[in-house]
Amino acid sequence: MKYGIGFLFSGNGSALGFFGKSFYHQSIIPMLLFTAFFAWRARPDTVEAIPTGFLTFQVCYLVPWAICVSADWLQGPYVYALYSDYKFSRSEIAQLFVAGFATSLVV
């Protein structure tokens with residue numbers, strides 16, 4: 001398996017490589033741009049001064065949070081493989097994933 005930026009744009013005679021594989025591959029960049037645009041537009045406009053130290057607090061909170069969320073997303077395929085090795089059916093694995101996401105919403 002090739003790594004690096006080259007594997008995104010090369011492959012199987014397609015000029016697009018990674019992005020030309022399916023609808024999901026083709027829509028990832030437009031959806032990321034769409035999300036970033038609307039997240040920027042949805043931020044509140046304030047006329048109040050932001051308290052000193054708040055930006056530092058944000059960075060100290062959001063950086064570890066982003067790392068933890070990324071780690072959680074990265075373990076998904078390994079958890080799927082673990083459940084598969086324990087002979088769970090695809091339906092049961094899907095139910096376990098949905099139950100995990102639902103508990104994340106509640107907590």
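Remember, it's a predicted structure, so these values are computed and weren't measured experimentally.
Screening residues 64-75 for side-chain hydrogen bond (donor to acceptor under 3.5 Å, both in side chains) gives D72-Q75 as the qualifying pairs, with residues at least two apart or on separate chains. Sequence neighbours left out, not one pair with a member in residues 76-87 passes side-chain hydrogen bond (donor to acceptor under 3.5 Å, both in side chains).
Remark: W40 CH2 to T35 OG1 distance equals 15.5 Å, nearest 0.5 Å. Atoms CD1 and CG, on I67 and L74 in that order, are 11.5 Å from each other to the nearest 0.5 Å.
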Can you give each donor-acceptor pair under 3.5 Å made by side-chain atoms of residues 48-60, sequence neighbours left out, with the distance rounded to 0.1 Å?
none

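Residue R90 places its CZ atom among 12 or fewer non-hydrogen atoms of other residues, nucleotides or ligands, all under 6.0 Å distant. Other residues, nucleotides and ligands contribute over 12 non-hydrogen atoms within 6.0 Å of the CZ atom of F97.
When the side chains of ILVMFWY residues are joined at heavy-atom separations under 4.5 Å, either directly or via intervening members, F38 and I28 end up in two distinct hydrophobic clusters.
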